[in-house]
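Below is one structure; the comments refer to it alone.
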Number of protein chains: 2
Amino acid sequence: MAAQRSRRKRPSMNDVARLAGVSQTTVSFVVNNVESANIPPETRKRVWKAIEQLGYRPNAMARSLRSSRTHTLGFISDEVATTPYAGQMIQGAQDAAWEQDNLLLLVNTGADARLEEAAIETLLERQVEGIIYAAMYHRSVSPPSIIHEVPTVLLDCFIPDRSLPSVTPDEVQGGYTATETLIKAGHRRIAFINNKDDIPATRGRLAGYKKALADYHIPFDETLVQIAGAGPSGFNSYEATYQLMHLANPPTAIFCFNDRMAMDTYQALHRLGLSIPDDVAVIGFDNQEIIADILRPGLTTVALPHYQMGWWAAQHLLQLIENIDAPAPSSPVQHTIACPLVLRHSV
Amino acid sequence: MAAQRSRRKRPSMNDVARLAGVSQTTVSFVVNNVESANIPPETRKRVWKAIEQLGYRPNAMARSLRSSRTHTLGFISDEVATTPYAGQMIQGAQDAAWEQDNLLLLVNTGADARLEEAAIETLLERQVEGIIYAAMYHRSVSPPSIIHEVPTVLLDCFIPDRSLPSVTPDEVQGGYTATETLIKAGHRRIAFINNKDDIPATRGRLAGYKKALADYHIPFDETLVQIAGAGPSGFNSYEATYQLMHLANPPTAIFCFNDRMAMDTYQALHRLGLSIPDDVAVIGFDNQEIIADILRPGLTTVALPHYQMGWWAAQHLLQLIENIDAPAPSSPVQHTIACPLVLRHSV
DNA sequence: ACGTATTACTAATAGGTATTAGTATAATAT
DNA sequence: ATATTATACTAATACCTATTAGTAATACGT
């Protein structure tokens, strides 16, 4: 029962063939269940018995050397560890890959461009059939051009020239959903505390917010939109909430750019003696489970579909690989995945 | 610049050889920088030029077919996604592997034993040189026996018969460190709110707590140890804290089994009008960044060394692989990694 | 009885590389 | 001038599998 000592040569088809008294070809036919070769049941049995006896296992390397299909996807990311979402993206990708008998070969590089190129080079040497290039926070990336040598899907990121397919969260829909949820709960004075960095999430969620207001014939009021940073220093969501609640006509609901900010908003409202959701409704974004579960009342929020994005990336990549010889190389699809509402008790 | 269309055959050493006007053997010598073959500089240059020109890249599959070294480790886990720590373990393992030119082949199985065996089978077919079997929360696992076919390291888990090497957090030292930190801050009435499940963490941290008290000659007081569940329902840390603070001789410091519980303790102390750390010091465990950063004052806690454990697992596995033909198969090492203190402001 | 079809296999090869055992030529030693 | 050695290569093979093109034996049709 001890771990195997010594790199004992694993048995090959030839060993099986010898033991079963047939040719290697026959073993191959039996193993792969080739119908066209008429192997009678007794022979099959004999071969399987030899396989069992020797503990034979096909060698995927040798196999792919012939077929030039490795059933392996490269997954490269620049910061797997630092966010709690990374695991979900990986798991989504892994699940989709596994469903089609593919595995993920993992590499991550600390945003060091040189290392990144070396990593991709390594993946290519290992004959991955495609690459998932993952980043975080829906940002703009510029992978080394060598990546174009193989089908690639960008995960939670994009390149400005859109020359590679990508999958990102639908920020606009997310902002829309959050806002609409508040509207449907009866609110008409809805504030939005946006993030200060100029990234797609910032613009997208704002666009969704505006669109929802427009659709429900609520005039857009600039004073209800605040721009705050995250964290304890600088102008943050806590202060933004204070300002909002001191307006002549204060909001009855606040949509926060993310859950972290919603937490500060909770605190501010608490300090102001206002109750959630009775006096003011709050909705967040990101569905950071720890935060959302911890807050009282539980934070209603919009989730970032990390698992689904990972899933889609792998699934789409496999499709690209399958159709690699197909006719029109239509322009790379920029896929967007809906951000679902997660109901708790803050609205 | 578009992604490569059509599975164009990649150039091989033979193609390079033809272009450079040498034999495949010579190309191999040049590529691998074999000293014993006396290839003069001009010839080398000619070969490299041909390589460049064709965009030749060695084929790792073919290479490992001959050498039977794949430089690939399998990483199998049952629940990558569900915890924020998973990414760190993976990253640690990946970094250590990468340092020695190895890559991780990732698989995860939803605790379905059948799937698990299939997954390992797949890894073995792909000729991984070893397997990292990862779980979460330092638990007892029972991997399918097939895993013994290849060097294996257990990550954040163990098997009762200790027949496989493992790496886990040093719970005893962690509990000791937490307690000692409080002692050194001047406390002598130190409570411990333990977790109710009977797992190594529960017993280990308690043992560390007791040992620290003993070392500093503080008598162990059973009334200062509470057992609570996590989460909002049942007897939790909030209530435990209440009970502790209503003792005739209440504690001046509380060591909580984890950060989640510490959060409830914060709330209870807050409700009681006690200030942290002036009236009561609090220390947690796990270093869940989100929680620890959010709490005011920031929570001093003991970190679980997920990255380091992942790193050690890969590193040790590679060592096992290297020494696979070595003499004594000494009993599998059960390694333990220190849990470092993370200072914030609650002590 | 003879040609054809079916059954039950096998030999040979390709896929890309690393390595061993050469070989042919040039340089050096005696 | 001959033997030895160093230089600059190459031919052949092994690694393991999948596949194509066979072959030998039997069965079948008329």
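Please read these numbers as outputs of a predicted model, since none were measured by experiment. Naming: A, B, ... by sequence-line order, numbering from 1 per chain.
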Q: Check every atom of C:dG15, C:dA8, D:dA8 against the side chain of A:Arg66 and return the nucleotide holding the closest atom.
A: C:dG15
Q. Can you tell me if the side-chain N/O atoms of A:Thr43 get under 4.0 Å from OP1 or OP2 in C:dC9?
A. yes
**Q.** Nearest-neighbour nucleotide for the A:Met13 side chain, C:dG16, C:dA18, D:dT17 considered
**A.** D:dT17
Q. Will you find, in the side chains of B:Asn14 and B:Ser12, an N or O donor that is under 3.5 Å from an N or O acceptor?
A. no
Q: Report the residue from B:Thr336, B:Leu155, B:Ile337 that forms a side chain to side chain contact (heavy atoms under 4.5 Å, CB included) with B:Thr168.
A: B:Thr336
Q. A:Arg10 CZ to D:dA14 P: how many Å, rounded?
A. 22 Å
Q. Within the structure shown, what part of the strands sits under 4.0 Å from B:Ile39 by heavy-atom distance: base, sugar-phosphate, or nothing?
A. nothing
Q. For B:Arg69 and C:dT17, what is the distance between atoms CZ and C1' respectively, to the nearest whole Å?
A. 17 Å
Q: Would you kindly give the CG-to-P distance between B:Asn32 and C:dG16, to the nearest whole Å?
A: 17 Å
Q. So, is A:Asn59 close to the D:dC15 phosphate, meaning a side-chain N or O under 4.0 Å from OP1 or OP2?
A. no
Q. Any N or O donor-acceptor pair linking the side chain of B:Gln24 to the base of C:dA18 at under 3.5 Å?
A. yes
Q: Would you classify A:Ser67 as touching base, sugar-phosphate or nothing, given that sugar-phosphate means primed atoms plus P, OP1 and OP2, and contacts are heavy atoms under 4.0 Å?
A: nothing
Q) When the distance from CG of A:Asn38 to P of C:dT10 is rounded to whole Å, what number comes out? A) 14 Å
Q) Rounded to whole angstrom units, what separation is found between the CZ atom of A:Arg18 and the P atom of C:dT10? A) 14 Å
Q.
Check this for me: does the side-chain of A:Thr25 come within 3.5 Å of the base of D:dA18 through a donor and an acceptor?
A. no
Q) Nearest-Å distance, CD1 (A:Ile51) to P (D:dT17)? A) 10 Å
Q: Calculate the interatomic distance between A:Arg126 atom CZ and C:dT17 atom C1'; express it in whole Å.
A: 15 Å
Q | B:Arg63/A:Glu125 ion pair, N-O < 4.0 Å | A | no
Q.
Using a 4.0 Å heavy-atom cut-off, does B:Val31 contact any base of the nucleic acid, only the sugar-phosphate backbone, or nothing at all?
A. nothing
Q) Just to confirm, is there a sub-4.0 Å distance from OP1 or OP2 of D:dC15 to any side-chain nitrogen or oxygen of A:Ser12? A) no
**Q.** No-H, no-angle donor-acceptor pair, A:Glu42 side chain to C:dA8 base, under 3.5 Å
**A.** no
**Q.** Sugar-phosphate, base or nothing in reach of B:Thr26, heavy atoms under 4.0 Å
**A.** base
Q) So what does B:Arg63 touch, heavy atoms closer than 4.0 Å: a base, only the sugar-phosphate, or nothing? A) sugar-phosphate
Q. What does A:Val27 touch in the nucleic acid at a heavy-atom separation under 4.0 angstrom: a base, only the sugar-phosphate, or nothing?
A. nothing
Q | Taking every non-hydrogen atom, the tightest pair across A:Tyr307 and A:Gln91 | A | CE1-CG, 3.6 Å
Q: Respond yes when some side-chain nitrogen or oxygen of A:Asn14 is under 4.0 Å from OP1 or OP2 of D:dC16, and no when none is.
A: no
Q | Selected nucleotide, minimal atom distance to A:Ser28 side chain, candidates D:dA18, D:dT10, D:dC16 | A | D:dA18
Q: State plainly whether the residues A:Glu322 and A:Arg69 are in salt-bridge range, i.e. N to O under 4.0 Å.
A: yes
Q | Any side-chain donor near an acceptor of the partner, B:Ser28 and B:Thr25, under 3.5 Å | A | no
Q. Which whole-number value in Å describes the distance from B:Leu65 CG to C:dA14 P?
A. 16 Å
